[in-house]
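Since the structure comes first, as structure tokens, the remarks are kept for the end.
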Amino acid sequence: MNESAGERPRVLVATRSAHKLRELRQLLDLPRAELVTLDDAGVGGDVEETGSTFEANATLKARFGARATGLPTIADDSGIEVDALDGGPGVRTRRYAGERATDEDNNAKLLGELAGLPPERRGARYVCVLALALPDATGQRGEVPVRMVRGTCRGRIATEPRGTQGFGYDPIFEPLSEAPGGRTLGLWTPEEKNRISHRAAAARRMTPILRELGF
């Protein structure tokens, strides 16, 4: 753990997303640690996400950040899996409508794919995998060891966007606690969302691991 006298230990969050950093700062209960981004740490470039699973991509990003900075690194890989699409878009969640797709583009494509389906066939779940890479340790084959946790949030895809809270697919995702046609996560407050979200579930599992390490 890199820590100078009087300074809080730094933990890198391997992201450039202000949304993800803000959520993780809220969700990870780490009063002793300072969470910093790749940009804060002066890291250029990004690792290519070539994995076929959230776990594989989270591992790639965590190891990339740890090697580039020498800091303990948390990486998030998350997305949405839709039952009617056999688990798609999955790892292509962010790029579902193309490499430069906006959230609105992705939402519109998903709504188009599910057009006409009744609520019982619109089941979906958000998935979040958090990977923690520790640069001072060495695992098998000389790789930086990684510890991983997973969180999920079940729900369904709405028939149209509603609400402006959150990001990604939140305006078209109805948690299971809502009746069909009820509030999407785009209409939930951040406090409400943080009680049930996939990222919150993963963060609750990661916090004790980080605390065991002194953060």
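FYI, side chains are in, hydrogens and waters are out, and symmetry mates aren't considered; it's all heavy atoms of this structure.
- Hydrophobic clustering (ILVMFWY, side-chain heavy atoms < 4.5 Å, transitive): Phe215 and Leu130 are in one cluster.
- Residues Leu28 and Val11 have side chains not in contact (no heavy-atom distance under 4.5 Å, counting atoms from C-beta outward).
- Residues Leu21 and Leu210 share a hydrophobic cluster, clusters being chains of Ile/Leu/Val/Met/Phe/Trp/Tyr side chains in contact below 4.5 Å.
- The one candidate from Thr15, Val47, Thr73 that meets the side-chain contact (heavy atoms from CB on, under 4.5 Å) condition with Lys61 is Val47.
- Here CG of Leu114 is found 8.0 Å from CD1 of Ile172. Values are rounded to the nearest 0.5 Å.
- Atom-to-atom distance recorded for Leu185:CG and Ser197:OG is 8.0 Å, nearest 0.5 angstrom.
- In this structure the side chain of Pro171 never reaches within 4.5 angstrom of the side chain of Thr164, judged on heavy atoms.
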Check: Can you check side chain to side chain contact (heavy atoms under 4.5 Å, CB included) on Gln165 and Leu187, steps first, answer last?
Finding: CA-CA 6 Å; Gln165 297 277 5; Leu187 292 167; over 6 Å; no
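- Arg10 is not listed as a side-chain neighbour of Asp40, based on a closest heavy-atom distance of 4.5 Å or more.
- Inter-residue side-chain proximity for Arg32 and Arg8 is flagged as unmet; no heavy-atom pair is nearer than 4.5 Å.
- Closest approach of Thr184 and Asp170 over heavy atoms only: CB-O, 3.4 Å.
- Taking the side chain as every heavy atom from C-beta outward, Leu213 and Leu132 approach each other to under 4.5 Å.
- You'll find the side chain of Glu49 reaches within 4.5 Å of the side chain of Arg94, heavy atoms only.
- Under the 4.5 Å side-chain contact rule for hydrophobic residues, Leu60 and Leu71 share a cluster.
- From Glu160, atom CD reaches atom CG of Leu111 across 9.0 Å, with rounding to the nearest 0.5 Å.
- In plain terms, the two heavy atoms of Asp83 and Ala124 that are nearest each other are OD2-N, 4.1 Å.
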Notebook entry, point to check: Does the side chain to side chain contact (heavy atoms under 4.5 Å, CB included) test come out yes or no for Leu85 and Leu110, once each step is laid out?
Noted result: CA-CA 10 Å; Leu85 301 179; Leu110 183 52; 3.6 Å; yes
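- If you check the side chains of Asp76 and Ser78, you find a donor sitting under 3.5 Å from an acceptor.
- Counting all heavy atoms, side chain and backbone alike, Gly51 lies closest to Val91 at O-CG2, 4.2 Å.
- For the atom pair CD1 (Ile157) and CZ (Arg122), the distance works out to 7.5 Å, reported to the nearest 0.5 Å.
- By the 6.0 Å contact criterion, CZ on Arg154 is enclosed, its count of non-hydrogen atoms from other residues, nucleotides or ligands being greater than 12.
- Looking only at side-chain heavy atoms (C-beta outward), Tyr96 and Ile80 stay at 4.5 Å or farther from each other.
- Checked by atom type and distance alone, the side chain of Arg162 pairs as donor or acceptor with a backbone atom of Gly182 at under 3.5 Å.
- Interatomic distance, OG of Ser177 versus CZ of Arg183, reported as 7.5 Å (0.5 Å rounding).
- Nearest heavy-atom pair, Lys193 versus Trp188, reported as atom, atom and distance to 0.1 Å: N-CE3, 3.8 Å.
- Taking all atoms of both residues into account, the shortest heavy-atom contact from Ala97 to Asn106 is N-OD1, 2.8 Å.
- Atom CD of Glu120 sits in a crowded spot, with more than 12 heavy atoms from other residues, nucleotides or ligands closer than 6.0 Å.
- No continuous path of ILVMFWY side-chain contacts below 4.5 Å connects Phe167 to Leu24, so the two sit in separate hydrophobic clusters.
- Taking the side chain as every heavy atom from C-beta outward, Lys20 and Val13 never approach each other to under 4.5 Å.
- The line from CD1 of Ile196 to CG of Leu176 is 9.0 Å long, rounded to the nearest 0.5 Å.
- Under a hydrophobic clustering in which Ile, Leu, Val, Met, Phe, Trp and Tyr are joined whenever their side-chain heavy atoms come within less than 4.5 Å, directly or via other members, Tyr126 and Val82 fall into the same cluster.
- Side-chain atoms of Arg156 do not come within 3.5 Å of backbone N or O of Pro119 as any donor-acceptor pair.
- Salt-bridge annotation for Asp105 and Arg100: absent, with no side-chain N of the basic residue lying under 4.0 Å from a carboxylate O of the acidic one.
- No option in His198, Glu81, Glu55 other than Glu81 meets the side-chain contact (heavy atoms from CB on, under 4.5 Å) test with Val127.
- The two residues Tyr169 and Pro89 have their closest heavy-atom pair at OH-CG, 4.1 Å.
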